[in-house]
Protein chains: 2
Amino acid sequence: MLQTSARLLKLLSLLEMRRDWSGDELAGRLDVTTRTVRRDVDKLRELGYPVHAMTGTAGGYRLGAGASMPPLLLDDDEAVAVAVGLGTAVSAGVSGMEETSVRALAKLEQILPPKLRTRVSGFRSHTVPVHIEGETVDPGTLTLLANACRDHDRLRFDYVSHDGTSTYRITEPHRLARAGRRWYLLAWDVDKQDWRLFRVDRIEPVTPTGPRFKPRDLPDDDMSAYIGRKVALGAYQIPFKVLMHLPAEKLRQRVPERWGTVTPVDENSCVLESRADNLEGTAAYLSTYGVEFEVLEPQELKDQLTAMAGRLLKAAGRPAA
Amino acid sequence: MLQTSARLLKLLSLLEMRRDWSGDELAGRLDVTTRTVRRDVDKLRELGYPVHAMTGTAGGYRLGAGASMPPLLLDDDEAVAVAVGLGTAVSAGVSGMEETSVRALAKLEQILPPKLRTRVSGFRSHTVPVHIEGETVDPGTLTLLANACRDHDRLRFDYVSHDGTSTYRITEPHRLARAGRRWYLLAWDVDKQDWRLFRVDRIEPVTPTGPRFKPRDLPDDDMSAYIGRKVALGAYQIPFKVLMHLPAEKLRQRVPERWGTVTPVDENSCVLESRADNLEGTAAYLSTYGVEFEVLEPQELKDQLTAMAGRLLKAAGRPAA
DNA sequence: TGGTTCAGGACAGCTTTCGTCCGCAAGGCC
DNA sequence: GGCCTTGCGGACGAAAGCTGTCCTGAACCA
């Protein structure tokens, strides 16, 4: 019964689109009698989607919030909006949900019609990049990697190593993970016959992806610990401590969880402690709070701020201090 | 045939979840024979969702990208990620899609299960707010307003007017629009018996929404022109012009479309022209590019930068210039 | 009270579904 | 090329589901 299923889907999409529909309206849209509409509504309810109904002159059907997510029926524009929104969240680094966001994005990108895909990439190139912390990751690359991991597709890419040289890699990707502000790909390097951890912002993928491979046992049971160790070896993070003239609660609202710790000092000020891999970006970031603050440590951050102040004074057409 | 529809949906969700599935696997998951799976796959194809199939040992079914969007079947985590992502995009002001994003978000929020809704609001409070340009709009308020417009629900709210006084309003909301970096609600003020344009960041909604009303004719055919005129009366935007020491193409990638115009000067520099309603925010924004620049006008922006430089020097523990 | 709207039982006629069984075609591997 | 695996789809019959047309109730609103 193709008609029935299709109609059910259409009914659901109508209900998602607007809040109140009368039985007659729905019957007209679906080209069936109201009796069938009632039966279809019952079916949706049996499927677990709570369709509320009100009798009387102001009555009608309304889709409510149930126990589980009903299928989302998006029109083209909305699908683009969702893709762009997820991409923004991923590259802006909304804390605590990176992997899930990437997974959802990967799911969406796989089924996104080509014409919408071009619209998405068009939007992305005009999106405000969060350039405060330096490198941003391309959500397109991220979803490609996520899909390759999920589907066990071999992956080839050019990798720019630390010293700037570029090498060609053939890998079996296994995990995508985030540590601090960076994304990493854990993959088996086919040529080197060993596990490698790649920084995603240095990967330039070569499409299309290769043949499927059989997943290997991961080098450690606790992946986050493993990656944490590997990353720590790089030891790129510099701790800093700043006194902010802002009540602790207010700052907490503006500092992402896990990014740093906020300790109240008195009613109107607090100390922010965190780590940075890029002091220039940190300096710029701190300045955007628009409040008075004092760097407690390290000296390098103070130097960075002094340099930045010099740039600003120059921009304002005055001699640097 | 409830079973058939439900199974079709489940099949779709399986296909969205992973890329390759063999007929046997699917049959197992769905508790039917492979023959039925084949028939179901056919049904999906008839519905317009392209399911590709490969024969042979590495064969299987795969959902491809078709002409239209299939229903998105999200698990709980993914639904939260999408909601948070859309919220981020909305409050970050991803250009050119504001209304669509809000619509999609409104749609999602209406059907989001309560337990997921609390997770979303939890995440939002820990999200990096884009505090560069001053006021941000609460996505929750925005979706509430969008839904009220869509459903023609009367809306009551406290409104903080320009001079800081708060008034209670009963309105019939008609349109939600964005101009520049701000959101506006066009609504009929029931007490005043006239159209009013409210700034969303000054609205404090009173829930629940009121009874439904019958939409009125809008005060103008061209809404964007109308709102543009209304907003222009406020005349809050200050034009500025900055010489950036950065190639025009590079800057274009980082400046959102419509936000401002970029004019190349030579190979390594260009002029950025735009408007701001908040010079302090603009100063902070410009400083985050991490490149040398010079303010051409206005003088106020130069003053702002000087003041900011002073703050930075103080933060670095040196006397202000 | 009358009008409007959803609710759902009963019935008849028609369509669809699904498992079983079958031969066929296409891709990968030895 | 032979062989295995995997998808493809026709035929068939029993069972189940779907839909429109009745109809009676019940809730809500003015």
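Chain letters run A, B, ... following the sequence lines, proteins first, then strands; residues in each count from 1.
Heavy atoms of B:R45 sit under 4.0 angstrom from primed sugar atoms or phosphate atoms, though from no base atom.
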Determine all donor-acceptor pairs shorter than 3.5 Å in which one atom belongs to a side chain in residues 68-81 of chain B; sequence neighbours excluded.
from: B:D75; atom 1: OD1; to: B:D77; atom 2: N; distance (Å): 3.1
from: B:D75; atom 1: OD1; to: B:E78; atom 2: N; distance (Å): 2.8
from: B:D75; atom 1: OD2; to: A:R103; atom 2: NH2; distance (Å): 2.8
from: B:D76; atom 1: OD2; to: B:K115; atom 2: NZ; distance (Å): 3.3
from: B:D77; atom 1: OD1; to: B:R119; atom 2: NH1; distance (Å): 3.2
from: B:D77; atom 1: OD1; to: B:R119; atom 2: NH2; distance (Å): 2.9
from: B:E78; atom 1: OE1; to: A:K107; atom 2: NZ; distance (Å): 2.9
from: B:E78; atom 1: OE1; to: B:D75; atom 2: N; distance (Å): 3.0
from: B:E78; atom 1: OE2; to: A:R103; atom 2: NE; distance (Å): 3.2

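Between the C1' atom of D:dC28 and the CZ atom of A:R62 lies a distance of 14 Å, rounded to the nearest Å. Distance CE (A:M54) to P (C:dT5): 13 Å, rounded to an integer number of Å. Protein atom CH2 of B:W21 is 13 Å distant from nucleotide atom P of D:dG7, rounded to whole Å. Look at CG on A:D42: it is 13 Å from P on D:dT19, rounded to the nearest Å. At whole-Å resolution of the value, CG in A:D20 and P in C:dT5 are 13 Å apart. The CG atom of A:L63 sits 16 Å away from the P atom of C:dC6 (whole-angstrom rounding).
The side chain of A:R39 lies closest to C:dA10, out of C:dG8, C:dG19, C:dA10.
In the region residues 23-35 of chain A, proximity to DNA chain D at under 4.0 angstrom, judged on heavy atoms, holds for A:V32, A:T33, A:R35.
Between B:D40 and A:Y61, the residue anchored nearer the 5' end of DNA chain C, judged by the nucleotide with its closest heavy atom, is A:Y61.
Of all heavy-atom pairs between A:I203 and A:Y159, the closest is CG1-CD1, 3.7 Å.
The one candidate from A:R196, A:R169, A:R156 that meets the salt bridge (charged side-chain N to carboxylate O under 4.0 Å, His left out) condition with A:D189 is A:R169.
Counted within 6.0 Å of CZ on B:R175, heavy atoms from surrounding residues, nucleotides or ligands total 12 or fewer; the atom is thus considered open.
Residues passing the ring pair (Phe, Tyr, Trp, His ring centres under 6.0 Å) test with B:Y61: none are found, sequence neighbours excluded.
Electrostatic pairing of B:D194 and B:K192 does not count as a salt bridge here, judged by no charged N lying under 4.0 Å from a carboxylate O. Electrostatic pairing of A:D42 and A:R39 does not count as a salt bridge here, judged by no charged N lying under 4.0 Å from a carboxylate O.
Contact check, A:R38 against C:dG9: no side-chain N or O comes under 4.0 Å of OP1 or OP2. In this structure, A:T36 does not reach the D:dT21 phosphate: none of its side-chain N or O atoms is under 4.0 Å from OP1 or OP2.
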